[in-house]
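Data first, discussion second: the structure below is written as structure tokens.
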Amino acid sequence: MPAKPAVMADAIRVLSMDAVHHAKSGHQGAPMGLADVATVLWTKFLKYDAAKPDWADRDRFVLSAGHASMLIYSLLHLTGFKAVTMDQIKNFRQWGSKTPGHPEYGHTPGVETTTGPLGQGIATAVGMAMAERHLNARFGDDLVDHRTWVIAGDGCLMEGVSHEAISIAGRFKLNKLTVLFDDNNTTIDGAATISETGDQMARFKAAGWAVKAVDGHNHGKIAAALRWATKQDRPTMIACHTHILKGAGPKEGDVHGHGYSLFDEEATLARKAMGWTAEPFVVPDDILKSWRRAGKRGAKARKAWEKRLEGAEDEADFTRAMKGDIPKSAFKGLEAHIAHLIAEPVSNATRVHSGAALAALTPAIPEMVGGSADLTGSNNTYVKGMVPFDAPDYAGRYVHYGVREHGMAAAMNGMALHGGVIPYSGTFLAFADYSRAAIRLGALMGVRVIHVMTHDSIGLGEDGPTHQPVEHLASLRAMPNLLVFRPADAVEAAECWRAALEHKTTPSVMALSRQKVPVARKEAASENLSARGAYELAPAIGKAKVTIFSSGSEIGVALAARDQLQAEGVGTRVVSTPCWELFDQQDGAYQAQVIGDAPVRVAVEAAVRFGWERFIGESGAFVGMTGFGASAPFERLYKEFGITPEAVAAAARAKLA
Ligand SMILES: Cc1ncc(C[n+]2csc(CCOP(=O)(O)OP(=O)(O)O)c2C)c(N)n1
Ligand SMILES: [Mg+2]
């Protein structure tokens, strides 16, 4: 006999209790409260096949309330995702397990995105829903037609990023997106109302969503609400009234239940009340069978989809795009562009050079979807001919994200996670701090997202210190698995774009100047020199006594300083360092050769020194910023802050003496 849905939900509760109890760590409150909502969703609505976690047309499920990880681990185990065995449930939160504290993408099959930093899940899901609509427009209903479901708690909706995400979803009428709000009036400090009395439903409605409230423990009503959600012409939010720790006797609904772990006797009573007689970590056969059946519900649809894909005209293109492979001839246009730049050098701002590289790339790589946080003209992210992404057809490849850097960065993560899209978009480098939480999660997950960050130093001039990044390069370079590119001219900009695109599992930042910079690369190269991370741009004439290391807009300063020193007979070489992280990946011999053995090392960058020891050692000299900038034309700023060829040459001379 099939198990009753309420009993199936109890299986989630008991597994969550067992795992948290065993690990002596974790959260059982939210998984127990959400068990009913999740059971209805995963047994009746969610389109998936546990045997094929990577089926491209599956619905995406995002547990934005990442602390409730035992909810998703229970679901994955119960429905039959192979990787999540009962042993893994027993190993919850332990070293090497597939069941880490918070759900981690790439670690556990079935986990679509890493969550834990509250608000990120819902914002990432918006990007997934955007990618789905866009690919639906590109490949049609036969290949792409699925929903994105999110479970978000009070915490996710308190986070500012949720506001950006909700607005983006509402504006673009992402009707395949549903947020299930775990409306349990509980956060860590106690009742949610101690810090939030806003009307969440009114808030979503105001942003263009359809909203509904439901008793989150009534399976029939939950099912009706989910069905309603699938019929709306806009994104949907269902406020599910739930009790945290549902099923835990006197503790049920306790506003201090967030991280509460039931004591042995409380757990025993809870099991008794549920009529659950099995030992810990044992799910009775009939219940498990019913869950496994639910996990196979989508198999038929999946097979039918595979058949459709086999016969589809777009099969190869679709498969390639979803794998994240770039078209074979993707870089032909870019190579021609570089050859042209060598023949006819162009001096301009590196943001303009980046725009020129994009013009050579976006027609050749249909997966590239660009955008900007309301700085399109400044970021040079728009390529002529691109159509805005918008309802109802969603075929456009340029997203007007609005002034929403954090939401934009998270949405880009979601697009990349969905697959079939290579997102890039722009803002000012100083505002990387607004995007940072999402950049970090992207780096942790290993997704190819390209953050164009223009106005990358005091060189932006008159807008002043609020807009002038000084510590941002250092702080971004400190982040693991993030490539921070700072090209010096048009050729380097093109090379950096290529390197960023060729790194499938690493996000990139393109730090670009607002101001015009001189041409650095005048000769054709036999390889992508920027992809080496650092390379000798100008050799010393005679024996090298000085090496000047620099990046981006200060390469011009370095080259001019070299001229001055060489005129005095001091052999000086210049090393360009467009991407430190890629340089770190080179072999030791290459690194040693680039660093060289000139006795004096100087670095110049219009930013703080932090990290430059990597190139100049402890005894090198640094010419750059020591504090915030100021408002003035950029030529004056470079002079006032002493970032000049004269200052660099003087620093070298002082070390030579
Ligand atoms: C950005 C961020 N800030 C703080 C936390 C720490 N934290 C984890 S859960 C939580 C409160 C969660 O409340 P809610 O989402 O309502 O979950 P519930 O207590 O209902 O399970 C906080 C503050 C976090 N994970 N992420
Ligand atoms: Mg809550």
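Remember, it's 1-based here, ligands and their atoms both numbered in the order they're listed.
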In terms of residue, atom name and distance, what is the protein heavy atom nearest to [atom]?
{"atom": "atom 23 (C) of ligand 1", "answer": "I188 CD1, 3.7 Å"}
{"atom": "atom 19 (O) of ligand 1", "answer": "H258 ND1, 2.6 Å"}
{"atom": "atom 26 (N) of ligand 1", "answer": "L118 N, 3.0 Å"}
{"atom": "atom 21 (O) of ligand 1", "answer": "H67 NE2, 2.8 Å"}

Between R436 and D433, is the closest basic N to carboxylate O distance under 4.0 Å? no
Look at the aromatic rings of H418 and H146 and report parallel, tilted or perpendicular, splitting at 30° and 60°. parallel
Once you measure the plane-to-plane angle for F281 and H22, does it fall in the parallel (<30°), tilted (30-60°) or perpendicular (>60°) bin? perpendicular
Find all atoms of ligand 1 within a distance of less than 4.0 Å from any non-hydrogen atom belonging to E159, and give their numbers and elements. 1 (C), 2 (C), 3 (N)
Suppose I only count heavy atoms of A30 and a 4.0 Å limit; which atoms of ligand 1 are within that range? 21 (O)
Heavy-atom pair of closest approach, residues [X] and [Y]:
{"X": "G208", "Y": "P235", "answer": "O-CD, 4.0 Å"}
{"X": "I244", "Y": "D254", "answer": "CG2-O, 3.2 Å"}
{"X": "V282", "Y": "P284", "answer": "O-CD, 3.7 Å"}

Just heavy atoms, cut-off under 4.0 Å: does N184 contact ligand 1 by side chain, backbone, both, or neither? side chain
Counting only heavy atoms closer than 4.0 Å, does ligand 1 sit against the backbone of H27, its side chain, both, or neither? neither
N/O/S atom of N185 under 2.8 Å from the Mg ion (ligand 2), yes or no? no
Residue-ligand contact P117/ligand 1, heavy atom below 4.0 Å: yes
Does even one non-hydrogen atom of G116 get within less than 4.0 Å of ligand 1? yes
One pair to check against ring-ring contact (aromatic ring centres under 6.0 Å, His included): H467 and F431. What are the steps and the verdict? CA-CA 8 Å; H467 284 47; F431 308 143; 5.3 Å; yes
In degrees, rounded to 10 degrees, what angle do D154 atom OD2 and N184 atom OD1 make at the Mg ion (ligand 2)? 80°
To the nearest 0.5 Å, tell me how far M479 CE sits from E581 CD. 10.5 Å
Please determine if [X] has a nitrogen or oxygen closer than 3.5 Å to a nitrogen or oxygen of ligand 1.
{"X": "G155", "answer": "yes"}
{"X": "T186", "answer": "yes"}
{"X": "G153", "answer": "no"}

Residue pair W291 / L75, side-chain heavy-atom distance below 4.5 Å: yes
Tell me, with the steps shown, if K221 and D36 meet salt bridge (Lys or Arg N to Asp or Glu O under 4.0 Å). CA-CA 11 Å; K221 293 205 164 129; D36 295 305; over 6 Å; no
